[in-house]
Amino acid sequence: MLDLKFIRENPDLVRQAIANKNEADKLNELLALDGRRRDIIGEVEALKHQKNVASENVAKTKKAGGDASDAILALRAVSDKAQALDESLRQVEEQILQLQLRIPNIPNSDVPVGDESANQELRYWGERPSLAFKPAPHWELGETLGIYDGAAGANVSGSGFFVLKGAGAKMQRALVSFMLDRHTAHGYIEHRLPYLVTARTMQGTGQLPKLAEDMYHIEADDLYLIPTAEVPLTNLSAGAIIPADLLPQKAVAYTPCFRRESGAHGKDTRGMLRVHQFDKVELVKVVEPEHSYDELELLLADAEAILQALKLPYRVKLLATGDLSFAAAKCYDLEVYSAGVDTWLEVSSCSNFVDFQARRMNLRARPKGGGKPFFPHTLNGSGLALPRTMIAIWENYQTAKGSIIIPEVLVPYMGGQTEIA
RNA sequence: GGAGAGGUGGCCGAGCGGCCGAAGGCAGCUGCCUGCUAAGCAGUUGGCGGGGAAACUCGCCCCCGGGUUCGAAUCCCGGCCUCUCCGCCA
């Protein structure tokens, strides 16, 4: 979230960001509450000071063996009044927090303003495959080869779930291992994470309160299934003050991701394009504020390296303000071209959240020589989302006879297998 | 799931309901001393918020949230977490 003081001092900037991100504008309400909050604080603290002084006098009187019953009687009134004020302060602060949690991050100045039509396609990499036959979509390929079973997924869990079998399942595992190996070679520390997290954790990275409808919630224990490893991975040190010389922290984790996709019914329903559960390898960085935009470029390059190694054609998009997520200040999307469905599939979003998430989760860092703790910047990016990466492999590497050539870098991870036929 | 123990500052560890934001120790920092290091001596070292240009000042913080009280680290209730034992279990 944004610093209350910053909001107070830069209302126009904040209002513009809200408009650019198409969020509800509750700024005036927030500012009014903030004024009330400070009024109450002034009052309640004066009262408490009075109370503290008088209370000390009671102690002294009693110690000296005197009678303090009059003073005590007078104090009771002051004490009650302070308590009542404290209660209204608590209420105002809760209201402020609820509003504050719904104010989006401010887009960085180099982010194009506008809706998704203002997104900038920055560059293309690789050649789209030129197939001498009409490429089949992955669900046809997969079902024919016996490596994908959509019906079985629906059978056990309903629509939006799928099953991989044989070489399909193995390729998914191969991709996970390959990605983890690449990223750890680039200095990311591998993590295994909980898939269920608390509401507080969801709030830390910005999923709650806004996206409550998009997540699976376990009622009995009040836990949420993670929609991305970003959530547990970024929150690992939430609430703590970490030594700044531990920065930058680079972490990678493979987890399944669970999404209700409540707003997306009827969209991309075939195959593995949009599903309720999918695997993803995620990169997270916690860095010094002054380096975060450089780190974003490096993060993007680390994600791109996977697509390049797999020889999959892709493009890089810089998202416009209207397409930017609630918590992000700047974001690049990586989209892979997939021949069967003949579209660009988003396989990674690389974002810089600056101090927005750190402030929400109260994650701070202590400067090397000591001094005031500061909010580090957090970043994340998929490296990469699995089903769509695999879709692109199946569809781009398919042959006229219906088999799939396995990308070279994956062959060692597939036990030497070079083709799925 | 059952029974017990415990959560205090960067760490260890004390703490009768009233100068306790908290003894003492360690670690850190600053002086002094000293060929260097160590030791010794003295001082110093938390977070958040309000006011102030600033020096500074006020309030809150002893796991969290309530309660009792003029006054709570200290008493009461609830929760969370950690540890030990038993049971169950991949």
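Naming convention: chains lettered A, B, ... in sequence-line order (proteins, then strands); numbering from 1 in each chain. All values derive from a computational prediction rather than experimental measurement.
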How far does the [atom1] atom of [N] sit from the matching atom of [M], given to the nearest Å?
N: C60(B); M: G65(B); atom1: P; value: 15 Å
N: C61(B); M: G67(B); atom1: P; value: 14 Å
N: G25(B); M: G13(B); atom1: P; value: 16 Å
N: A14(B); M: G31(B); atom1: P; value: 35 Å
N: G87(B); M: A22(B); atom1: C1'; value: 43 Å

[X] [atom1] - [N] [atom2] separation (whole Å):
X: Ile242(A); N: G10(B); atom1: CD1; atom2: P; result: 15 Å
X: Ile41(A); N: G51(B); atom1: CD1; atom2: P; result: 8 Å
X: Glu43(A); N: G51(B); atom1: CD; atom2: C1'; result: 15 Å
X: Asp221(A); N: C81(B); atom1: CG; atom2: P; result: 11 Å
X: Arg37(A); N: G51(B); atom1: CZ; atom2: C1'; result: 13 Å
X: Ile40(A); N: G49(B); atom1: CD1; atom2: P; result: 18 Å
X: Ile241(A); N: C48(B); atom1: CD1; atom2: C1'; result: 10 Å

Report yes if a side-chain nitrogen or oxygen of [X] is closer than 4.0 Å to either non-bridging phosphate oxygen (OP1 or OP2) of [N]; otherwise report no.
X: Arg364(A); N: C48(B); answer: yes
X: His49(A); N: C58(B); answer: no
X: Asn52(A); N: C58(B); answer: no
X: Arg366(A); N: G47(B); answer: yes

Under 3.5 Å: donor-acceptor pair, side chain of [X], backbone of [Y]:
X: Glu395(A); Y: Val341(A); value: yes
X: Thr201(A); Y: Val197(A); value: no
X: Thr234(A); Y: Glu230(A); value: yes

Partner nucleotide, any strand, of [N] [Watson-Crick/G-U, under 3.5 Å]:
N: C81(B); answer: G6(B)
N: C88(B); answer: none
N: C70(B); answer: G18(B)
N: C60(B); answer: G47(B)
N: A42(B); answer: U30(B)
N: A53(B); answer: none

No-hydrogen, no-angle side-chain donor-acceptor test under 3.5 Å, [X] and [Y]:
X: Glu190(A); Y: Thr184(A); answer: no
X: Thr228(A); Y: Lys280(A); answer: yes
X: Glu87(A); Y: Gln83(A); answer: no
X: Arg15(A); Y: Asn10(A); answer: no

Most 5' of Lys48(A) and Glu56(A) on RNA chain B, judged by nearest nucleotide: Glu56(A)
Earlier contact from the 5' end, RNA chain B, for Lys60(A) and Asp34(A): Lys60(A)
Sugar-phosphate, base or nothing in reach of Arg8(A), heavy atoms under 4.0 Å: sugar-phosphate
Protein-to-nucleotide contact annotation, 5' to 3' order, nucleotides 61-75 of chain B [B base; S sugar-phosphate only; - none; under 4.0 Å, heavy atom]: -----S---BS----
Pairs where residues 232-252 of chain A contributes a residue and the test salt bridge (charged side-chain N to carboxylate O under 4.0 Å, His left out) is met, not counting sequence neighbours: none
Ion pair Arg102(A)/Glu23(A), N-O distance below 4.0 Å: no
